[in-house]
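Notes to accompany the following structure.
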Amino acid sequence: MEALYTHGIHVAESLQQALGGCEKVLLWLSWIGDPRASFFIYFPLTFFLNKKAGISVLWIAALTEWLNLTFKWLLFGERPFWWIHESGVYSEQQMPKLKQFYSTCETGPGSPSGHAMITGATWWVMMSKLSAFIYSHTRSSLAKNIPVVLYIVTLLGIGISRIFILAHFPHQVLAGMVAGAVFGFLLGRYEPKNIKLIHYVASSIGLLLSTVCIYWVLFYLGVNASWTFPLAAKWCAKPEWIRPDTAPFSSLSRDTGALLGLGLGLSSPMYASTQGWKMTGKLKTVCIVLSLLIIEIMDQVPLSKHSKILFYALYYLKHAFVPVLVTAVIPWIVRSVFVIQQSQKRN
């Protein structure tokens, strides 16, 4: 593994030297590949354009991120920004000249890349639906492959950005991209239909309990699943770059909260009242903009960092509310305003 890691450092060094002028673009690519984007951006966007696809995106994002967390705990992947200091391969005089960034200092293990794996899985669904839509309207084999090309090119860009900022080694990114595409293909074939609230609750609790069990089984086997936290804190260039939302249990809170919220939203009277109502393209745009705006405002509200348990609980609730907002609250509000306006026009 040492040779593989050393080669990865050479690749990162070459990328920083060759692409230093594209720093902002690469940081933006890393941002759009953040797993949070699948929950906060791609899910609302897809849901209002294609309800079934939107639900699939959230399901797949939650399940793929849970699998990614499990893989990371079992594979013990290092991250470049701390490995170069801890490995003993480099002396102080030979230390590679590498730059860290705000998104560099993630606190969990590095293999496989969550950005590549989760985004690859959720985008597979979006790409497949868009490709089928384009073909149904154009009957052009060339046109239907445009989303496929965009999928590959953008995913490669995200992978390069993760190596560039020292968050991952190349083999971790490659593993994430392959796993993401595979899970996207396999899970995307199943579209959740008519699932009862109890199943969403059971899924949320099941993922939560299974992950806690894995953590404690590893602990009793003498494996500290939190071994990466001290390394990230020790070698991050700036302490404020260490963010609790990058911790493995934050991912778990996001996944389990989102599944519960999806069940609550789809089972709510507000959601039921909007069924059978066909939204125009203009109203869909209004719903998308409103959803993204409110989610962004919510995301900017700081959560308590004094207690890890409290932080994870609030993080869980925040991600449980997002699907309720998207599937039930926003459509109900927009429909209510639309009905009032139509009533006023008639009078």
Side-chain angles (χ1 to χ4, degrees), residues 1-13 15-16 27 30 33-36 65 68-118 159 161-176 211-212 214-254 305 307-309 311-312 315:
M1 286 302 291
E2 187 175 282
L4 192 61
Y5 285 145
T6 304
H7 174 71
I9 295 298
H10 289 321
V11 172
E13 196 171 17
L15 286 176
Q16 288 200 358
L27 288 173
S30 184
D34 193 311
R36 293 189 307 167
E65 187 169 38
N68 180 261
L69 167 59
T70 305
F71 289 157
K72 282 181 174 178
W73 275 350
L74 297 178
L75 295 176
F76 306 100
E78 305 275 357
R79 288 191 186 267
F81 76 92
W82 73 60
W83 184 85
I84 56 175
H85 300 284
E86 294 285 331
S87 64
V89 172
Y90 306 100
S91 66
E92 286 297 323
Q93 293 74 26
Q94 297 173 321
M95 195 65 65
K97 294 180 180 179
L98 292 167
K99 183 180 178 181
Q100 291 186 24
F101 303 87
Y102 170 75
S103 358
T104 298
C105 303
E106 298 204 14
T107 56
S111 187
S113 165
H115 278 61
M117 183 170 167
I118 296 146
S161 76
R162 301 302 287 165
I163 301 168
F164 177 86
I165 67 172
L166 304 184
H168 290 289
F169 290 96
H171 69 278
Q172 296 171 342
V173 168
L174 180 61
T211 309
V212 172
I214 292 171
Y215 180 89
W216 285 108
V217 166
L218 289 173
F219 179 80
Y220 283 116
L221 291 175
V223 178
N224 179 13
S226 301
W227 62 277
T228 57
F229 284 82
L231 294 174
K234 181 179 179 182
W235 296 114
C236 185
K238 295 183 180 181
E240 60 268 26
W241 288 353
I242 297 288
R243 308 190 320 274
D245 62 299
T246 66
F249 277 109
S250 292
S251 301
L252 178 63
S253 300
R254 175 165 52 231
K305 298 178 184 178
S307 164
K308 286 185 179 180
I309 299 297
F311 175 84
Y312 292 140
Y315 204 67

For this session: Search all heavy atoms of Pro35 against all heavy atoms of Glu65 and return the closest pair with its distance.
Result: CB-OE2, 3.5 Å
Exercise. Less than 6.0 Å separating the ring centroids of Tyr90 and His85?
Worked result: no
Problem set entry | Centroid-centroid distance, Phe164 to Phe101, less than 6.0 Å | yes
Exercise. Judged by atom type as modelled, is there a donor-acceptor pair below 3.5 Å linking the side chain of Gln16 to the main-chain atoms of Lys99?
Worked result: yes
Please tabulate, for side-chain N and O atoms in residues 228-237, each donor-acceptor pair with protein atoms closer than 3.5 Å (sequence neighbours left out).
from, atom 1, to, atom 2, distance (Å)
Thr228, OG1, Thr107, O, 2.4
Lys234, NZ, Glu86, OE2, 3.3
Trp235, NE1, Glu86, OE2, 2.6

Problem set entry | Separation of Arg162 CZ from Asp34 CG (nearest 0.5 Å) | 7.5 Å
Exercise. Ignoring hydrogens and geometry, is there a side-chain-to-backbone donor-acceptor pair from His168 to Pro112 under 3.5 Å?
Worked result: no
For this session: Might you point out which heavy atoms bring Ile84 and Met95 nearest each other, and give the distance in Å?
Result: O-SD, 3.7 Å
Exercise. Applying the ring pair (Phe, Tyr, Trp, His ring centres under 6.0 Å) test to Phe249, which of Phe311, Tyr215, Tyr315 qualifies?
Worked result: Tyr215
Exercise. Is the Phe76-Trp83 ring centre distance short of 6.0 angstrom?
Worked result: no
Problem set entry | Minimal non-hydrogen separation, Val173 against Ser113, with atom names | CA-CB, 3.9 Å
For this session: Might you point out which heavy atoms bring Trp73 and Pro109 nearest each other, and give the distance in Å?
Result: CD1-CG, 4.4 Å
Exercise. Short question: side chain of Arg79, backbone of Thr104 - any donor-acceptor pair under 3.5 Å?
Worked result: no
For this session: Evaluate whether atom CD1 of Ile309 has more than 12 neighbouring non-hydrogen atoms of other residues, nucleotides or ligands under 6.0 angstrom away.
Result: no
Problem set entry | Heavy-atom side-chain proximity of Ser87 to Glu2 below 4.5 angstrom | no
Exercise. If every non-hydrogen atom of His115 is compared with every non-hydrogen atom of Ser30, which pair is closest and at what distance?
Worked result: CD2-O, 3.1 Å
For this session: Any chance you could measure Ile118, atom CD1, to Asn68, atom CG, to the nearest 0.5 Å?
Result: 4.5 Å
Exercise. Relative to the ring of Tyr102, is the ring of Trp241 parallel (under 30°), tilted (30 to 60°) or perpendicular (over 60°)?
Worked result: perpendicular
For this session: Can you measure from CG (Leu15) to NE2 (His10) and round to the nearest 0.5 angstrom?
Result: 13.0 Å
Exercise. Roughly how far, to the nearest 0.5 Å, is CZ of Phe81 from CD1 of Ile9?
Worked result: 11.5 Å
For this session: List the atom of Thr246, the atom of Cys105, and the distance in Å for their closest heavy-atom pair.
Result: OG1-O, 4.3 Å
Exercise. Trp216 vs Tyr220 aromatic rings, parallel, tilted or perpendicular, using cut-offs 30° and 60°?
Worked result: tilted
Exercise. Taking atom CD of Glu106 and atom NZ of Lys72, what is their separation to the nearest 0.5 Å?
Worked result: 6.0 Å
Exercise. Counting only N and O atoms by type, is there a donor-acceptor contact under 3.5 Å from the side chain of Ser111 to the main-chain atoms of Gln172?
Worked result: no
For this session: Check whether any side-chain heavy atom of Pro80 sits under 4.5 Å from a side-chain heavy atom of Leu98, and report yes or no.
Result: no
Exercise. Rounded to the nearest 0.5 Å, what separation is found between the CD1 atom of Ile242 and the NZ atom of Lys238?
Worked result: 13.0 Å
